[in-house]
Amino acid sequence: MSDEDITLTAGDAEVTVQPGNGGRVGGLRIGGVELLRQGERFGCFPMVPWCGRIRDGRFLDGAAVRQMPLNAPPHAIHGTVREGAWRVARRSTDEAVLTYQLVDPWPHPGLVTQIVALTEDALTLTMSVETYESSFPAQIGWHPWFNRNLGGEDVTLGFDPAWQEERGDDHLPTGNRLDPKPGPWDDCFGMPGGVEATLTWPGQLELKVTSRQEWVVVYDEQREAVCVEPQTGPPNGLNTMPRLVTPLEPLEATTTWSWRRL
């Protein structure tokens with residue numbers, strides 16, 4: 001069951017969900033036009049239980065130092081679940097609920113739940129991490145690859161962050177906050193009122209990415225795609241701004257993509 005792609009539909013919107021490929025959204029088509037970059041590494045994948053890079057793959061977990069595999073040497077990147085197989089908890093024509101049990105190399109048991117819900121003019125992704133055993137630090141977020149071009153003019157990105165995290169030579173935030181600089185970016189931004197970014201394909205489509213989370217990474221250094229990644233903390237956040245998942249308090253986040261024709 002978990003290896004089969006799921007197709008959700010609402011109006012002229014169609015979403016492909018891939019439980020067997022990291023629980024990712026493999027495609028989003030509006031009126032037959034594909035908005036997400038295609039390929040098994042692309043689409044939009046959940047980042048769990050951390051987002052972006054962890055310095056040297058190491059983080060402090062209580063008094064213990066944990067080592068994650070260096071899948072982006074010298075760092076560990078984007079969590080442990082994006083290549084795993086998720087279980088389908090339930091599905092309908094316009095919603096799918098997926099779950100994933102955290103396993104090695106992550107040191108703690110935990111349950112990740114992701115809800116993919118489609119309407120005629122919006123896609124909402126909701127994720128939670130919960131534990132019934134020991135508490136642990138975690139982050140969650142999403143990494144969509146939006147196609148730069150849909151057959152007309154290239155997309156433009158509009159957003160108004162309060163600050164940009166200074167990026168060191170190691171691609172990690174230094175801790176200094178800067179006035180936002182012009183792109184191209186592979187950078188983290190702070191949006192204390194919540195993430196809001198607008199992608200506009202002139203004459204075709206406008207898509208808004210929103211989230212109550214206060215952090216977003218924008219990556220637009222590739223020719224094919226633009227990534228707008230809402231997340232619960234900055235890169236290396238397991239070390240600098242850990243959010244604790246406890247038996248009483250799960251970690252939860254939501255992002256919505258809403259669109260309109262131009």
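All figures in this text were calculated on a predicted structure; none of them were measured in a lab.
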- Query: Side-chain donor-acceptor pair under 3.5 Å between Gln222 and Arg37, yes or no?
  - Reply: yes
- Task: Measure across Leu199 and Val226 and return the closest heavy-atom pair with its distance rounded to 0.1 Å.
- Result: CD2-CG1, 4.1 Å
- Item | Exercise: do Thr124 and Thr256 side chains pair donor with acceptor under 3.5 Å | yes
- Query: Do Gln139 side-chain atoms and Cys51 backbone N/O form a donor-acceptor pair below 3.5 Å?
  - Reply: yes
- Check whether any side-chain N or O of Arg24 sits under 3.5 Å from a backbone N or O of Arg41 as a donor-acceptor pair, and report yes or no. yes
- Query: Quick one: ring-ring contact (aromatic ring centres under 6.0 Å, His included) partners of Tyr100, sequence neighbours excluded?
  - Reply: Trp86
- Query: Is a donor on one side and an acceptor on the other found under 3.5 Å between the side chain of Arg148 and the backbone of Arg223?
  - Reply: yes
- Whether Thr200 side chain and Pro202 backbone form a donor-acceptor pair below 3.5 Å: no
- Message: Please give the remaining members of the hydrophobic cluster of Met241, linking ILVMFWY side chains under 4.5 Å, ordered by chain and number.
- Response: Trp163, Trp215
- Check: Gly57 main-chain N/O paired with His75 side-chain donor or acceptor under 3.5 Å: no
- Gln114 (side chain) donor-acceptor with Gly23 (main chain) under 3.5 angstrom: yes
- Message: Checking Thr9 against Glu14: is there a side-chain donor and acceptor pair closer than 3.5 Å?
- Response: no
- Message: Is it the case that atom CG in Asp160 sees more than 12 heavy atoms from other parts of the structure closer than 6.0 Å?
- Response: no
- Query: Which residue pairs pass the ring pair (Phe, Tyr, Trp, His ring centres under 6.0 Å) test with at least one member in residues 12-41, sequence neighbours excluded?
  - Reply: none
- Query: Is there a donor-acceptor pair under 3.5 Å between the side chain of Asp170 and the backbone N or O of Leu172?
  - Reply: yes
- Task: Could you verify whether a donor N or O on one side chain and an acceptor N or O on the other, from Tyr132 and Glu130, lie under 3.5 Å apart?
- Result: yes
- Task: Answer with yes or no whether the side chains of Asp94 and Ser92 bring together a donor and an acceptor at under 3.5 Å.
- Result: yes
- Query: Between Arg29 and Thr16, do the side chains contain an N or O donor and an N or O acceptor separated by less than 3.5 Å?
  - Reply: yes
- Message: Once you measure the plane-to-plane angle for Phe42 and Trp145, does it fall in the parallel (<30°), tilted (30-60°) or perpendicular (>60°) bin?
- Response: perpendicular
- Carefully, step by step, assess Thr174 and Glu166 under the rule side chain to side chain donor-acceptor pair (under 3.5 Å). CA-CA 6 Å; Thr174 65; Glu166 183 181 56; 2.6 Å; yes
- Task: Check whether any side-chain N or O of His78 sits under 3.5 Å from a backbone N or O of Gly52 as a donor-acceptor pair, and report yes or no.
- Result: yes
- Indicate yes or no for a side-chain donor-acceptor contact from Gln164 to the backbone of Lys181 under 3.5 Å, with no hydrogens or angles considered. yes
- Would you find a donor on one side and an acceptor on the other, under 3.5 Å apart, between the side chain of Asn147 and the backbone of Glu34? yes
